[in-house]
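Here the structure comes first, spelled out in structure tokens, and everything after it is commentary.
In this text the structure is predicted, and so the values were computed from the model without any measurement.
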Amino acid sequence: LKAKDIMNRKLIYVNPETKIKDLIREMRKHGISQMPVIKNDQCIGLVSETILLNSITRKDVDKVKDLMEDSPPIIAKDTSIDIISNLLKVYLIVLVAEKGKLLGVITKADILKAI
């Protein structure tokens, strides 16, 4: 199996200028626990439930850009499931791209569904 066979093509993402309350609403609406942060068609970071919980007492957090972490790995659509599963041991999600265009996302749940 390759990334193109298991990726979720419905890429749900957030903008760095999005308000935290709107981010939480979108995460709940889609039943997801992490979202890539996209600006100008490029992934610039990641937000997750854990990141949100860790920032709950901070007063300086208003927008996604105030708390996002580094971007997750971006792989080619022909990357093997072995490489993807190893990446997911360290990262929450892996993004799939071709020629700079984001095609989809892979989570641990996607791997388990595929096997």
Side-chain angles (χ1 to χ4, degrees):
L1 288 173
K2 305 282 185 190
K4 63 184 175 190
D5 303 317
I6 56 178
M7 71 180 182
N8 186 334
R9 287 172 168 70
K10 184 175 181 183
L11 187 61
I12 301 167
Y13 61 90
V14 67
N15 181 291
E17 297 298 323
T18 300
K19 297 253 186 215
I20 298 301
K21 64 179 180 162
D22 296 329
L23 164 69
I24 294 168
R25 184 178 0 185
E26 282 300 303
M27 290 174 78
R28 291 184 65 205
K29 174 183 170 186
H30 296 286
I32 55 178
S33 57
Q34 62 269 331
M35 290 176 80
V37 181
I38 307 291
K39 182 178 181 181
N40 299 326
D41 296 325
Q42 298 294 315
C43 184
I44 62 166
L46 180 74
V47 289
S48 68
E49 289 173 336
T50 303
I51 295 166
L52 286 166
L53 289 173
N54 289 339
S55 69
I56 210 159
T57 58
R58 288 179 48 195
K59 305 284 187 229
D60 60 336
V61 174
D62 182 48
K63 296 180 180 179
V64 168
K65 68 180 180 181
D66 299 328
L67 59 81
M68 69 182 191
E69 292 187 353
D70 291 339
S71 177
I74 300 173
I75 60 171
K77 65 181 182 176
D78 291 324
T79 303
S80 73
I81 193 169
D82 292 334
I83 293 172
I84 298 165
S85 62
N86 282 327
L87 286 169
L88 288 173
K89 291 175 186 174
V90 179
Y91 300 97
L92 297 172
I93 63 172
V94 176
L95 298 175
V96 182
E98 181 178 39
K99 297 179 183 173
K101 181 179 185 326
L102 292 173
L103 303 176
V105 61
I106 300 173
T107 65
K108 293 171 186 154
D110 295 319
I111 295 272
L112 295 175
K113 201 181 321 176
I115 58 173

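Here L92 contributes atom CG and T50 contributes atom OG1; the two are 6.5 Å apart, rounded to the nearest 0.5 Å. In this structure, CD1 in I111 is found 8.5 Å from CG in L1, a value given to the nearest 0.5 Å.
Residues passing the side chain to side chain donor-acceptor pair (under 3.5 Å) test with K63 are E17, sequence neighbours excluded. K108 pairs by the side chain to side chain donor-acceptor pair (under 3.5 Å) definition with nothing, not counting sequence neighbours. The salt bridge (Lys or Arg N to Asp or Glu O under 4.0 Å) search around D70 returns none, not counting sequence neighbours. Listed by chain and residue number, K19, D66 satisfy the side-chain contact (heavy atoms from CB on, under 4.5 Å) test with D62 (two or more places apart in sequence, or in another chain).
With a 4.5 Å cut-off on side-chain heavy atoms, V96 and I106 count as touching. A 4.5 Å side-chain heavy-atom check between I44 and I38 finds every atom pair outside the cut-off. The shortest distance between side-chain heavy atoms of V64 and N15 does not fall below 4.5 Å. Taking 4.5 Å as the limit, every side-chain heavy atom of T107 sits out of range of all side-chain heavy atoms of N8. For the pair I81/I6, a side-chain contact is recorded, criterion being any heavy-atom separation below 4.5 Å from C-beta on. V105 is not listed as a side-chain neighbour of V94, based on a closest heavy-atom distance of 4.5 Å or more. Two residues are said to be in side-chain contact when any heavy atoms from C-beta on lie closer than 4.5 Å; L67 and I20 meet this criterion. Side-chain contact check for I84 versus L88: some heavy-atom pair is nearer than 4.5 Å.
Among residue pairs with one or both ends in residues 30-47, those qualifying as side chain to side chain donor-acceptor pair (under 3.5 Å) are E26-H30; sequence neighbours excluded. Among residue pairs with one or both ends in residues 92-103, those qualifying as salt bridge (charged side-chain N to carboxylate O under 4.0 Å, His left out) are K77-E98; sequence neighbours excluded.
M35 and L103 are assigned to two separate hydrophobic clusters, defined by single-linkage of ILVMFWY side chains at heavy-atom distances under 4.5 Å.
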Using side-chain contact (heavy atoms from CB on, under 4.5 Å), reason through L52 and I24 one step at a time and then give a plain yes or no.
CA-CA 9 Å; L52 286 166; I24 294 168; 4.0 Å; yes
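Remark: side-chain polar atoms of T18 are not paired, donor with acceptor, to backbone N or O of V14 under 3.5 angstrom.
Within 6.0 Å of atom CZ in R28, 12 or fewer heavy atoms from other residues, nucleotides or ligands are found, so the atom counts as exposed in its surroundings.
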